[in-house]
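Every chain is numbered from 1 and lettered A, B, ... according to where its sequence line falls, protein lines coming before strand lines. Just the heavy atoms: all of them, side chains too, but no hydrogens, waters or symmetry mates, feed the values below.
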Amino acid sequence: MFFHIVLERNMQLHPRHFGRDLREKLVSKLMKDVEGTCSGRHGFIVAITGIESVGKGLIREGTGFVTFPVKYQCVVFRPFKGEILEAVVTMVNKMGFFAEAGPVQIFVSNHLIPDDMEFQSGDIPNYTTSDGSVKIQKDNEVRLKIIGTRVDATEIFCIGTIKDDFLGVISDPSATT
Amino acid sequence: MPRRRDEDEYDMDPEEDEDDEAFDDGDEDEDGEYDGGKAAKKRRRSDFIDDVAEEDDEEEDEDDDDEDYGGGRGKRPKTKGRSGSQFFDLEAQVDTDEEEEEEEGEDDFIVDGGADLPDEEDSRRMHRRPLLHREDDQEEDIEALERRLHERYGKREVEYDEEATEVEQQALLPSVRDPKLWMVKCAIGREREVAVCLMQKSIDKGSELQIRSVIALDHLKNYIYIEADKEAHVREAVKGMRNIYAAKIMLVPIKEMTDVLSVESKAVDLSRDTWVRMKTGTYKGDLAKVVDVDNVRQKVTVKLVPRIDLQALANKLEGREIQKKKAFTPPPRFMNIEEAREMHIRVERRRDPNTGDYFENIGGMMFKDGFLYKTVAMKSISTLNIQPTFDELEKFRQPTENGDGDMASLSTLFANRKKGHFMKGDRVIVVKGDLKNLKGTVEKVEEDSVHIKPHEEGLMETLEVSDKNLCKYFEPGNHVKVVAGATEGATGMVVSVEGHVVNIVSDTTKELLRVFADNVVESSEVTTGITRIGDYELHDLVQLDDMSFGVIIRVESEAFQVLKGVPEKPEVALVRLREIKFKIDRKINAQDRRGNKLAVKDIVKILEGPCRGKQGPIEHIYRGILFVYDRHHLEHAGFICAKSESCMLVGGSHANGNRNGRPFLPKPSNLRTPTRTPSPMRSPRGGPPMHHGGRFKGGRGHDNLVGRSIKIRQGPHKGCKGRVKEVKGNTLRVELEAQFRVVTVNRDQVTDDVTVSTPYRGHSRFGPGAETPIHPSRTPLHPYMTPMRDSGATPIHDGMRTPMRDRAWNPYTPMSPPRDDWEDGNPGSWGASPQYRPGSPPSRTYEAPTPGYAEAGTPRDGNPAYVNAPSPYLPSTPGGQQPPMTPSSAYLPGTPGGQPMTPGVGLDMMSPVVGGDNEGPWFLPDILVKVGRNGDDGVNGVIREVLPDGSCRVALLEGSGGNGEIITVLPTEIVPVQPKKQERLKILGGAHRGATGKLIGIDVDDGIVKLDITLDVQILDLKILAKLPAEG
């Protein structure tokens, strides 16, 4: 789920950046530092949409670095248990398949794939229903439900299932082209 | 025949006797039953033994439905009967163990120390007796027996059940009024004999003998126990007997009396579907599943995966000569009846009278669904601490049994639970009883009951459930840790729960683990299981003893999986601890394809090789090999091994943004770009040797220390400088400069030769190891350039270097290998005169005015490398514009890199200021230029020809104010026209100099160019791109 929230961060700025563009520098550094990171609490910070405030800088003794408390608005993405997501299949193997929804990697174990879908090895490993009508392979888009998340400092890993109503392949680029 | 039979029996009886053991203390108060019961039992036992021993009698026993399979099995000997060596066959064959087991199993009723055991003769007679019965009307007989047994022992069991309470148990304990136990010494090994003799005596003398009972314990040598009221009675009884030493009669204290007769055997409640392991014989250690328990006879029927050598079996059944006892045990394999039939093994199909199931009977062994059903004594199976592995369980998981396999493992596992298995807060599910499938949370744990709070709505109060009926419960998505079993310590997320088995996706390996729910606890921790052995930990970079190196990608119980440092293809080796020499833990840097310095944790993208396109942070750098961790890479724990040259830095901690100015880049970065752009092409494989007269060997790919100048820091040669000749593991062979000899020093005792870092070194840092040729080539360029911009060039140069310094901030710069790389090549060629270079630019300044100087100057330096050096440079000298082009490339075959370095270009781009002055060399025919003579606004023209002196013949274009005339202009007067998007262009510098292409995009200062010839897309500095006139 996406959220637009306000976060705060203490930015350390090297003295060489002091000057007219200090604020810009600060912002661009903030973006560089923060966008794409992941925190267990808030999830992935997708984009910074604005700066709420930049507090007063505090010079660090010894280093000359200045610390600014910056409040910024950002869009964060955090997967939740039970959430339905659409994701792109990135890898298929006999244990199941991996899919990505943006920065989040989701593993769908073969236990969580409908029983009528069988793993087919070969050039393009895939899961196919017995009648061959549905096929899960790399680059397919699937709709899945998250049943578990593991949050590390730097990534969120999810376990998903497609063994439920209305879940499964939603588009197959290989079929259309 | 009879003779042989006797042998058999002899052979068995002693064993039985030895096995005699007081089994049941309960027997004490059932003296009255002894006789009948004993006899009956005795018979039954003999029944059995006879089965084994008496082959010929059983021929006609086809329909013998003795409910014990063992009996059936025993028939096998009948066919081999004539071979004469049957006995040994027995030993050699599968069933060997069975005999032993069965024998062992017989002892249950000998409680009384064989009080009723007659002498050998007797016992033999008795053995034979049941046989006759069997021949006649066994069924009946057995039923009768069974009945009688039930009458006696069934009752007994009931009694036991009743007296379950402790108080009643206490009441049974011996008191002072009861007869006492006396311990009497006897000859070692004669305990039983003595006991039997006493029994005989008591039979003979009747009530004269005042002792109550005699006990010989198997585990107690040298003594027997005699139960009597008075010591005098004992003395009386033993008087005149051999082997007994009445001198020593000791009273057993009342408290210890129970111990004498208590059997250590734990009362195991074996029930159907329990997992057990065989203790002896061919199947020793094999997992078996109990299918039937006969508590009366202390026998269980188990289901096993047969280990049968069909061929041998066939041979035996056909009575063929069989080779001597084989040492190996056949591997477990399901019995294929068809196969057996093909081998002409007689297979009968029979119905088991008890269960009504059909079994295939082969030579007395019962098979069903490929499993062997075997009846063994309870003693020959172990029931404690059975931890079936999944492999084993899988075998038993036949299509016929769905789901109940889990239950089976459940019951066993429950028995093996440790104390404190459940903890408050655990989620549990009831698996047995009325409340089956009720889920709840543990509230309180008592001895063997658990209070759970049901999750069910409407059930508010806690319930007390026996812990045997509970099982931990997990839901998909739970994060758990394995606390027992093979994968102990691993963590992961539950993906599915199949009854008692939980499937987990491991956090680190992303593999599927199957574990018992009992072995799992909920946890938020993330681990891999064991992560280290000895000094080596998961993801360490280690040196192996075959001089290769790699990253530990997995720690197994006794070995590591190491992804070797071979960039071509991932190679994983399984190494043991001792095969690892040491951990490589050094701060080493490398350079990527563009010459960016790479440090650990930098994020790189892999441009070549099997893992092309992957990207991730560098975990280790060693010998120019990077180990990159890509979390999307699922093999090798996400590690990818790649050459540093086939990677590109994509920002990260050291973001030096050589491309498209990153916000925080100091200006000069742009200037630096060209230096870098060329670098990929520079690394001329053949180059270095050529330039350095082959003295430079190996280069970086080999070992970046070889050939490098170092200084010895420690040891006897402290302070000496030298050149590394060879690297062997942790030691270096160093050729000392001062003394002409080679010494061996430890790697950590040397420092890289610290010479003053000259500007050149600064540069060199940006090139990959082999870039040395640049140096020579670049130096000459100075002379050339300096004349015009004498003062200007140097400062610019400096300016240009600053950013690099900037980068080089990181702590290891002074020692940083990249710089050493350059020294790799350096010492050989320049070696003798390190001071030479710093000095050179100034000296060159004076030589510069004409391009020719470069060449002229070089020989003077007397540096062989130098002679070569000018070559790449030649083309750029205004004097030798076009023609030299070819030679130069001929000179450095396959190293177009030489050219980008060509001074003019390089420097121009570094310093636009300078560029204005001498861009001559860059120009190529056909490009569109702006002719800005006399400060004109500029007229567009197309270069028709570049003259040797650097000036160009330019055809002015009519459209832009020109008149089509051809004029000759100095290079300073013209500026190439930068192409715009989608316009055709020609590349003036770099590896692709001369190539044409199309600009497909602009990225700040870089243009994205699609080359015409190769259709490759390149990112090049806009400054080296020149627009081509529109066609037509």
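At a 4.5 Å heavy-atom cutoff, A/D21 makes no contact with chain B through either its backbone or its side chain. When heavy atoms are compared at a cutoff of 4.5 Å, A/F157 approaches chain B by way of both its backbone and its side chain. With a 4.5 angstrom heavy-atom cutoff, B/V505 touches chain A only via side-chain atoms.
Taking the six-membered ring for Trp and the full ring otherwise, A/F2 and A/F77 have centroids separated by under 6.0 Å. The aromatic ring centres of B/H539 and B/F639 sit less than 6.0 Å apart.
The number of heavy atoms from other shown groups lying within 6.0 Å of CD1 (A/I170) is above 12.
Of the listed residues A/T149, A/N110, A/V108, the one with more heavy-atom pairs under 4.5 angstrom with chain B than any other is A/T149.
A salt bridge links B/R427 with B/E475: the distance from a Lys NZ or Arg NE/NH1/NH2 to an Asp or Glu carboxylate oxygen falls below 4.0 Å.
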